[in-house]
Each structure stands twice: as C-alpha cells, then as structure tokens.
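Report on the following structure.
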Amino acid sequence: MPSAASATRPATQDAPAAALVDAAAELAAAVRGEAGRWDEHGALPDEAVRAVAAAGLLGLDLPARHGGAGATPAQLGEAVAHLGGVCGALRALLTVQGMTAAALLRWGGEAQRAHWLPALASGDLLAGFAATEREAGSALAEVGTRIEDDGEQVVVTGAKRWVTFGQSADVFLVLGRTDAGPTAVLVEGDRPGIVREPVTGQLGLRAARIAHLTFDRVRVPRENLVAPPGLGLTHTAAVALDHGRFTVAWGCVGMAEACLADAAEHAARRVQGGAPLADHQLVRSLLARSAVDAAGARALAERAAEARAGSPLGAATETVVAKYAAAGAAKAVADRAVQVLGSAGCEPGSRAGRFYRDAKVLEIIEGSPQVAELHIAERLLRQGVRG
Ligand SMILES: Cc1cc2nc3c(=O)[nH]c(=O)nc-3n(C[C@H](O)[C@H](O)[C@H](O)COP(=O)(O)OP(=O)(O)OC[C@H]3O[C@@H](n4cnc5c(N)ncnc54)[C@H](O)[C@@H]3O)c2cc1C
C-alpha cells in the first residue's frame with residue numbers, strides 16, 4: 001500500500017483530467033496486492049481512502065469551479081475501470097461519492113453546491129446514498145422513510161439498508177417522502193438519532209464498509225432538502241442512480257478485462273498432462289468467449305460515455321444498456337476465469353474468485369437485469385425499430 005503522499009498527484013484543480021486517469025492506473029497498480037486482504041478483513045483501510053482522495057479522483061468529473069477536474073465521461077470511465085480492475089470497494093468509493101455529487105450538481109441550489117461539492121471533490125467529506133429499504137428495493141417509489149416539516153428543520157425517520165460506505169460516510173443522500181411525495185435530503189452522519197449497523201460476510205463488495213442505517217427523528221436544516229419535495233425520486237435519485245450505473249458499468253469493464261488477463265496468463269503457464277492448458281481447444285473457447293464479452297462491454301461503455309458527453313440528460317438508456325451488458329460480461333468472464341484457474345481461482349486472495357462474487361452483486365444493484373430489460377424494451381418500443 002503506497003502512502004497517500006506517494007500516490008498523490010497535483011491538486012485536483014490544476015491537474016488535467018488525463019493525468020488523473022494515469023494516477024488512477026498507478027494507484028490501481030500500487031494497491032493490487034492489497035485488495036484481496038481488504039476483502040478478507042471486510043474493510044477498505046482509511047489509508048486507501050485517503051490515497052484515492054489525495055490523488056484527486058473523488059472529484060474527477062466535477063467542474064473545476066466546484067473543485068473537480070472536469071473529466072469527460074470517457075476519462076471518468078477509464079479511471080474507474082482501472083480501480084474496478086483491482087478492487088470493487090475502491091470503485092464503489094468513487095461510485096457513491098459521484099452519485100451524491102452528481103445529484104447536487106444537477107438539482108442542488110447554488111448555496112448547496114458551494115457548500116458540499118468542493119468538500120466531496122477533495123474527499124474532506126465522504127458520502128453515502130441511502131435509498132433501499134426492506135420494502136423498497138427495485139421499486140424505490142415505495143420508500144417509507146418520513147421527512148416531516150418542523151419549521152426551520154425537517155425530521156427524518158426511517159430505516160435504510162445496504163448503504164455502501166454506510167459505516168463511515170460523513171453525509172448521506174437519503175431518499176424519503178413528504179406529503180408531496182418522494183423527497184431527497186442530505187443528512188450529516190453525526191446528527192443525533194442515527195444508528196449504523198455494519199453488514200459483514202455478504203456475497204461480495206466485502207470491503208465496501210456497508211451498513212444498515214436507522215434514522216430516529218433525525219433533525220436537519222430545511223436547506224438540506226435537495227430539489228423541491230416531491231422530486232426526490234424522478235429528479236434527485238434518478239440523477240444519482242444514472243451516475244452510479246455509469247461508474248458500475250466501467251468498473252465491470254475493468255473486472256472483465258482483469259479476469260480475462262488472469263485466465264489467459266494462467267492458461268499459458270499452467271501445464272497439465274504435458275501441455276499448457278492453453279493448448280486445449282476447449283480452454284481456448286473459454287478465453288475467446290471472454291475476450292468477446294469484455295470487448296463488447298467496453299464498446300457499450302464507450303458508447304454510453306460518448307452519449308453522455310453529447311447530451312448528459314438524454315443518455316440514460318445508453319447507460320442502462322452499458323451497465324446491463326458490462327455487469328453480465330463481468331459475471332461471465334469471472335466465472336470462466338475461475339474455471340480456467342481451477343483451484344487457484346478458489347484460493348483465498350484470488351482476484352478472479354473475488355470478482356466472481358462481486359460481479360453477481362453488481363448485476364443486482366443499480367438496477368437488476370430484469371429491471372434494465374424493462375427499461376430498454378420500453379425505450380425500444382417507444383422509439384420504434386428500424387427494419
Ligand atoms: C453489496 C450491496 C451494496 C448496496 N449498496 C447500496 C447503496 O449504497 N445504497 C442503496 O440505497 N442500496 C444499496 N444496495 C441495495 C440495492 O440497490 C438493492 O439490493 C437493489 O436495488 C435490489 O433491491 P432488492 O435487493 O430489494 O431486490 P428486489 O427489488 O426484491 O428484487 C429482487 C429480484 O426480483 C426481480 N425484480 C424486481 N423488480 C422487478 C421488476 N419490476 N420486473 C422484473 N423483475 C423484477 C429481479 O430479478 C431482482 O433482482 C446494495 C445492495 C448490495 C447487495
């Protein structure tokens with residue numbers, strides 16, 4: 001693990017975004033040997049979080065006036081793929097920070113943006129996105145967390161589940177409801193009435209410091225509401241989730257490419273029955289199918305990046321397609337990599353083994369394949385099909 005200083009690049013405001021993509025690659029290479037241990041211990045160490053922040057990666061795609069580097073979607077994607085190819089929790093850190101920042105950038109007032117965005121870009125504040133509840137997973141319109149008016153304050157009461165970095169985040173973007181409908185509010189993590197219950201031993205993303213959260217009449221200032229009451233899901237959370245899908249897609253590209261590399265390297269080196277595994281045509285078939293899956297995922301992620309650069313608000317479907325394809329590819333390529341690696345893929349510390357578990361999780365979160373298929377088919381039918 002490098003020190004934060006050794007992984008540090010010039011201050012975010014001054015560094016061209018392209019240099020930060022290189023910084024992400026360097027950081028990924030430096031921590032590659034550590035990620036398996038973080039997963040086993042169930043926590044990304046503070047030092048790693050600081051290294052990501054010090055490298056300027058938390059504000060990558062925020063505009064310079066808000067403390068970011070102004071990266072294009074393609075640059076953000078490449079940086080995320082580098083981190084995603086070594087550690088799902090590091091990638092998740094960029095994802096949840098970016099989700100909250102994107103929602104504030106789009107729907108926050110000027111004072112909110114000035115207050116929160118520079119701190120999110122620098123990593124002085126770490127954010128979590130708290131939407132899921134026991135009865136509201138894919139169907140977020142069902143959220144029951146109450147946000148009630150009390151003069152200059154609002155009072156938040158409810159229970160959120162599966163909040164990535166919920167154990168350590170400084171602020172949460174919480175999706176709840178007022179009488180006007182779904183509403184989003186920022187809740188600082190040190191407000192009285194918040195209980196964090198760490199989640200351990202889950203299938204994947206074990207180092208992402210996940211927690212279930214309870215909000216027991218937590219009071220926050222009215223100015224913490226993001227966008228007018230009633231727009232919390234269709235506007236605020238929608239922007240956050242769209243950004244999250246984009247970074248998850250690119251993280252999955254990195255995972256698929258990493259698993260393909262591990263499988264190819266092992267197949268070339270490992271000799272059984274007098275011949276390298278790679279000499280078997282059936283093993284080559286596994287590698288070839290994975291190469292096509294990984295390339296397809298990358299192409300669709302690049303297409304989404306291009307669409308977002310042109311029209312950020314009109315690229316939602318391309319982003320859903322990219323996330324759908326890339327998560328499926330990461331799962332399939334990780335599966336085949338573990339197959340080719342055999343027992344080596346099942347060892348503690350195996351990257352392919354870890355990504356085999358992580359990829360399944362990534363297929364479920366930020367929109368399951370079934371929910372994505374509904375979205376994609378709906379858009380297809382609405383726009384018509386050219387024959
Ligand atoms: C490791 C991890 C990290 C997470 N991090 C966060 C976080 O940071 N913040 C947060 O708010 N949440 C987070 N979540 C929660 C995650 O977003 C939800 O698990 C996800 O939205 C699915 O909700 P659910 O688990 O309740 O599944 P359900 O909604 O019950 O869905 C289960 C399955 O039913 C099917 N299904 C559901 N709806 C439909 C439909 N309309 N049509 C067809 N099929 C359908 C799909 O196959 C789906 O996979 C995380 C979860 C995990 C496991």
Side-chain angles (χ1 to χ4, degrees), residues 38-39 42-44 84 87-103 126-145 156 158-177 182-187 189 196-215 232-233 236-245 247-248 251-252 255 320 323-324 327-328 330-331 354-378:
W38 299 342
D39 189 69
L44 197 64
C87 177
L90 271 187
R91 189 277 312 150
L93 183 67
L94 260 70
T95 291
V96 293
Q97 192 85 346
M99 288 171 77
T100 300
L126 297 175
F129 177 70
T132 302
E133 299 177 5
R134 196 176 285 284
E135 303 303 332
S138 303
L140 285 178
E142 311 285 315
V143 289
T145 292
V156 182
K160 294 294 181 181
R161 294 176 64 76
W162 293 106
V163 179
T164 299
F165 289 99
Q167 293 177 31
S168 49
D170 302 296
V171 60
F172 299 103
L173 181 61
V174 177
L175 180 64
R177 65 173 54 254
T183 299
V185 63
L186 288 164
V187 179
R196 308 180 193 226
E197 179 197 339
V199 177
T200 56
Q202 72 273 16
L203 178 65
L205 296 184
R206 289 188 175 162
R209 297 189 187 175
I210 292 168
H212 301 325
L213 305 177
T214 305
F215 297 88
L233 180 57
T236 316
V239 167
L241 288 164
D242 171 67
H243 196 277
R245 280 182 203 118
T247 56
V248 167
C252 287
M255 291 165 71
V320 170
K323 191 272 176 181
Y324 173 84
K331 191 182 74 167
R354 173 162 46 90
F355 284 175
Y356 178 73
R357 293 184 284 102
D358 284 358
K360 185 64 207 176
V361 171
L362 294 177
E363 204 182 30
I364 293 169
I365 67 175
E366 311 282 354
S368 73
Q370 293 68 39
V371 172
E373 284 171 9
L374 291 174
H375 176 115
I376 295 163
E378 163 76 17

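Numbering of residues begins at 1 and proceeds along the displayed sequence. Just so you know, ligand 1 is whichever comes first in the structure, and atom 1 is the first atom listed for that ligand.
- Listed by atom number, the atoms of ligand 1 under 4.0 Å from Ile210 heavy atoms are 1 (C), 2 (C), 3 (C).
- Within a 4.0 Å radius of atom 30 (O) of ligand 1, the protein has no heavy atom.
- The shortest side-chain heavy-atom distance between Leu175 and Thr236 does not fall under the 4.5 Å cut-off.
- A donor-acceptor pair is defined here as one N or O able to donate and one able to accept, closer than 3.5 Å; no such pair exists between the side chain of Arg206 and the backbone of Asp39.
- Residue contacts with ligand 1, taken as heavy atom pairs separated by less than 4.0 Å, involve Val361 solely via side-chain atoms from C-beta onward.
- Considering every non-hydrogen atom in both Phe355 and Gly84, the closest pair reads CZ-O, 3.3 Å.
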Test log, rule side chain to side chain donor-acceptor pair (under 3.5 Å), inputs Glu133 and Thr145: CA-CA 8 Å; Glu133 299 177 5; Thr145 292; 2.6 Å; yes

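- Here atom 52 (C) of ligand 1 lies nearest to Ile365 when heavy atoms of Ile365, Val371, Asp358 are compared.
- When side chains are defined from C-beta on, Phe165 counts as touching Leu93, because their heavy atoms get closer than 4.5 Å.
- The shortest N/O to N/O separation between Ala131 and ligand 1 falls below 3.5 Å.
- Here the closest heavy-atom approach between residue Arg91 and residue Thr247 is recorded as CD-O, 3.8 Å.
- Contact annotation for Leu374 and ligand 1: only side-chain heavy atoms (C-beta onward) come within less than 4.0 Å of the ligand.
- Applying side chain to side chain contact (heavy atoms under 4.5 Å, CB included) to Trp162 and the options Ile365, Leu213, Val361, Ile210 leaves one that passes, Ile210.
- Not a single protein heavy atom sits closer than 4.0 Å to atom 34 (O) of ligand 1.
- Protein heavy atoms come within 4.0 Å of atom 38 (N) of ligand 1.
- Interface atoms of ligand 1 facing Gln370, defined by a heavy-atom separation under 4.0 Å, are 43 (C), 44 (N), 46 (C), 47 (O).
- Thr164 is not listed as a side-chain neighbour of Thr95, based on a closest heavy-atom distance of 4.5 Å or more.
- For CZ of Phe215, the number of neighbouring non-hydrogen atoms (other residues, nucleotides, ligands) closer than 6.0 Å is greater than 12.
- Remark: ligand 1 atoms within the under-4.0 Å shell around heavy atoms of Ser368 are 46 (C), 48 (C), 49 (O).
- Nearest-heavy-atom check against atom 19 (O) of ligand 1 across Leu362, Ile364, Leu213 picks out Ile364.
- Shown here is Gln370, whose CD atom has more than 12 heavy atoms of other residues, nucleotides or ligands within 6.0 Å.
- For Ser138, a nitrogen or oxygen atom sits less than 3.5 Å from a nitrogen or oxygen atom of ligand 1, counting backbone and side chain alike.
- Atoms of ligand 1 lying under 4.0 Å from any heavy atom of Thr164, numbered from 1 in the order shown and given with element: 3 (C), 4 (C), 5 (N), 6 (C), 7 (C), 8 (O).
- Scanning the protein for heavy atoms near atom 15 (C) of ligand 1, the closest one is Thr132 OG1, 3.2 Å.
- Atom 26 (O) of ligand 1 has its closest protein heavy atom at Gly137 CA, 3.3 Å.
- Atom numbering of ligand 1 starts at 1 in the shown order; those under 4.0 Å from a heavy atom of Phe129 are 7 (C), 8 (O), 9 (N), 10 (C), 11 (O).
- Contact detail for Gly137 and Thr132: the closest heavy-atom pair is CA-CG2, 4.2 Å.
- Protein heavy atom at the shortest distance from atom 13 (C) of ligand 1 is Trp162 O, 2.9 Å.
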